[in-house]
Structures are given as C-alpha cells and as structure tokens.
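Reckoned from all heavy atoms, side chains included, excluding hydrogens, waters and symmetry mates.
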Amino acid sequence: MEVLHDVKLGTIQKGHVFYPFQQEEAYIRNLMLFIRGGLENKQHMLIVESMRNITKVKNRMNRLYTEEQLSSISLVDNFDYYFFHGDFNTQHILRAFQKDLSVIKNLNSSIRTWGHVEWVAEEPNSNLIKEFESIADDYVHQEGMLSVCAYQGNSLSSTMTETLEMLHQYVLTDEDLRLSMLYKRK
C-alpha cells in the first residue's frame, strides 16, 4: 500500500514527521514517493540514509528518475551524521545537517529532508534523542520545510515512541499518515 500518495503529499508541504518503520520494502517505497513529491514540487532534497540501504536506494533512484531529477537529490551516508564523532553526538549531527542544508539552500530555497536515524548502543540515549528532535522540530518550523525522521520501529521502546510522537507533528507508519495526537509545540 502506498502511504505517501499524491493527495497526502499535496496537503503536507511542511512539517516534522516521525516514521517508525517496520518493513524495509515499505520504507524504500515511501522514501521513493517522498522523493517524487519533492521533484513534483521542484524542491531539493537531503536524504540521510543508512549504509545498509545506500546502494539499494541509489539503484532504485537511478531506475525511477532522470539525471536532471537526480541532481536535485543529495544522498549522504548517515554514518557521517550519527556515528563519526561518537554514538549520536547531538551537536555534531546538527552541525552536519546545517552545513549540508546551507549548500542545498544556495541551489534552491525550497527543501525537504529525510533522515534514517540510527545509533550504536542497544538502547538509545533518550535525553540525546529528545534534545536532537526538539531542536530539529524548531528548525523545521522556522524554515517551513518538510522533514521525515525515520527510525527502525522495533528498536524503539514504547516510552521512546511516545516521546518521539510528542516532538513530531505527524506520524507515518508503513500504512498510514496521521497527525500526532501527542505533539506539543513549545
């Protein structure tokens, strides 16, 4: 089932989306639909993706999009964001994000982002993730952009899932897109 179909993408041009995905194929399909929506809206995209998925994502993008369309997509390895300076270093992640976005903004002021968020530890540091997502939420709203934060659903405790729903305006699952009932904007 295609979750991010044209009608839904037409209504969501900006906002912060939490995506606790369960199935890899649904995840890749939704990422491709997110990219298609960005291309249709003439936006540049920053896709921060897991090393495990980079080749699969590149191959799918090369099959679906023209060379000109691909020039609107920056695909980066999430290792550089989440692991290079230690496991989930919030300040480094934010600096890397802002650096990559500033380069893209020089090309096009209309941007959307997709981040596959990961960490090394068995249980993520909830305070670090909460700090990161709170700052990210402020930035997304300030910039008026659409940003999806994708997490492997089975790696999240129910408490972490609830916390993330409080920090994201929308919740995307493999089958549905809805407003977060727990979202609390500062």
Side-chain angles (χ1 to χ4, degrees), residues 4 9 14-21 24-121 124-125 128-129 131-153 155 164 167-168 172:
L4 291 175
L9 274 178
K14 57 185 176 180
H16 198 198
V17 181
F18 168 49
Y19 180 14
F21 67 93
E24 186 176 318
E25 189 51 41
Y27 171 85
I28 299 291
R29 185 179 58 243
N30 285 327
L31 173 56
M32 292 305 117
L33 291 167
F34 176 85
I35 291 170
R36 185 177 74 195
L39 293 170
E40 289 170 355
N41 288 309
K42 298 181 180 10
Q43 296 173 306
H44 270 69
M45 286 152 278
L46 173 62
I47 310 296
V48 180
E49 187 52 69
S50 169
M51 185 172 34
R52 289 184 315 277
N53 291 338
I54 289 256
T55 301
K56 190 181 301 183
V57 169
K58 277 184 184 177
N59 289 341
R60 187 83 57 101
M61 285 174 22
N62 287 332
R63 280 197 330 260
L64 294 173
Y65 307 118
T66 67
E67 197 65 38
E68 182 181 346
Q69 290 172 317
L70 291 171
S71 70
S72 297
I73 305 164
S74 295
L75 179 63
V76 298
D77 186 339
N78 71 0
F79 178 87
D80 298 334
Y81 276 68
Y82 305 121
F83 307 116
F84 190 69
H85 289 276
D87 191 13
F88 215 86
N89 181 314
T90 305
Q91 293 308 310
H92 171 74
I93 296 167
L94 294 169
R95 277 193 305 273
F97 186 69
Q98 289 173 334
K99 179 180 150 245
D100 285 344
L101 284 182
S102 69
V103 171
I104 294 170
K105 276 185 163 181
N106 289 331
L107 303 170
N108 184 346
S109 63
S110 184
I111 300 170
R112 61 175 48 198
T113 67
W114 179 289
H116 184 159
V117 182
E118 294 182 304
W119 50 85
V120 174
N125 182 319
L128 287 178
I129 291 180
E131 174 190 8
F132 167 72
E133 288 292 2
S134 180
I135 293 168
D137 191 55
D138 290 342
Y139 186 81
V140 165
H141 285 280
Q142 175 187 328
E143 296 296 318
M145 60 193 285
L146 178 60
S147 183
V148 174
C149 302
Y151 291 79
Q152 178 68 50
S155 70
L164 288 166
L167 297 165
H168 292 82
L172 170 66

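- With values rounded to the nearest 0.5 angstrom, Thr113 atom OG1 is found 7.5 Å from Leu146 atom CG.
- Remark: Asn41 CG to Ser72 OG distance equals 12.0 Å, nearest 0.5 Å.
- Between Phe34 and Arg112 the shortest side-chain heavy-atom distance falls below 4.5 Å.
- The closest side-chain heavy-atom distance from Leu70 to Asn62 is below 4.5 Å.
- Residues that satisfy the side-chain hydrogen bond (donor to acceptor under 3.5 Å, both in side chains) test with Tyr65, not counting sequence neighbours, are absent from this structure.
- Pairs of residues two or more places apart, or lying in two chains, that qualify as salt bridge (charged side-chain N to carboxylate O under 4.0 Å, His left out) and include a residue from residues 47-62 are Glu24-Lys56, Glu25-Arg60, Arg52-Glu118.
- The side-chain hydrogen bond (donor to acceptor under 3.5 Å, both in side chains) search around Glu68 returns none, not counting sequence neighbours.
- Remark: Trp114 CH2 to Asn30 CG distance equals 5.5 Å, nearest 0.5 Å.
- Considering CD1 of Ile73 and CG of Leu39, their distance stands at 5.0 Å, rounded to 0.5 Å.
- The ring-ring contact (aromatic ring centres under 6.0 Å, His included) test applied to His16 returns His168, not counting sequence neighbours.
- In this view, Thr66 and Gln69 satisfy the side-chain hydrogen bond (donor to acceptor under 3.5 Å, both in side chains) rule, not counting sequence neighbours.
- For the pair His116 and Phe21, the minimum side-chain heavy-atom distance is below 4.5 Å.
- The minimum heavy-atom distance linking Gln43 with Ser110 is given by the pair CG-OG, 3.0 Å.
- Interatomic distance, Leu172 CG to Tyr27 OH, rounded to the nearest 0.5 Å: 10.5 Å.
- Considering Val76, Ile54, Ile35, Asn53 as possible partners of Ile47, the one that fulfils the side-chain contact (heavy atoms from CB on, under 4.5 Å) test is Ile35.
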Is there a side-chain contact (heavy atoms from CB on, under 4.5 Å) between Met32 and Val57 once you walk through the steps?
CA-CA 8 Å; Met32 292 305 117; Val57 169; 3.9 Å; yes
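- Note that CG of Asp77 and CE of Met51 are 5.5 Å apart. Values are rounded to the nearest 0.5 Å.
- Residue Glu133 comes nearest to Leu164 through the heavy atom pair CG-CD2, 3.7 Å, listed as atom of the first residue, atom of the second, then distance.
- Residue Ser71 comes nearest to His44 through the heavy atom pair O-NE2, 3.9 Å, listed as atom of the first residue, atom of the second, then distance.
- For the residue pair Ser147 and Val140, the shortest heavy atom distance occurs at CB-CG2, 3.5 Å.
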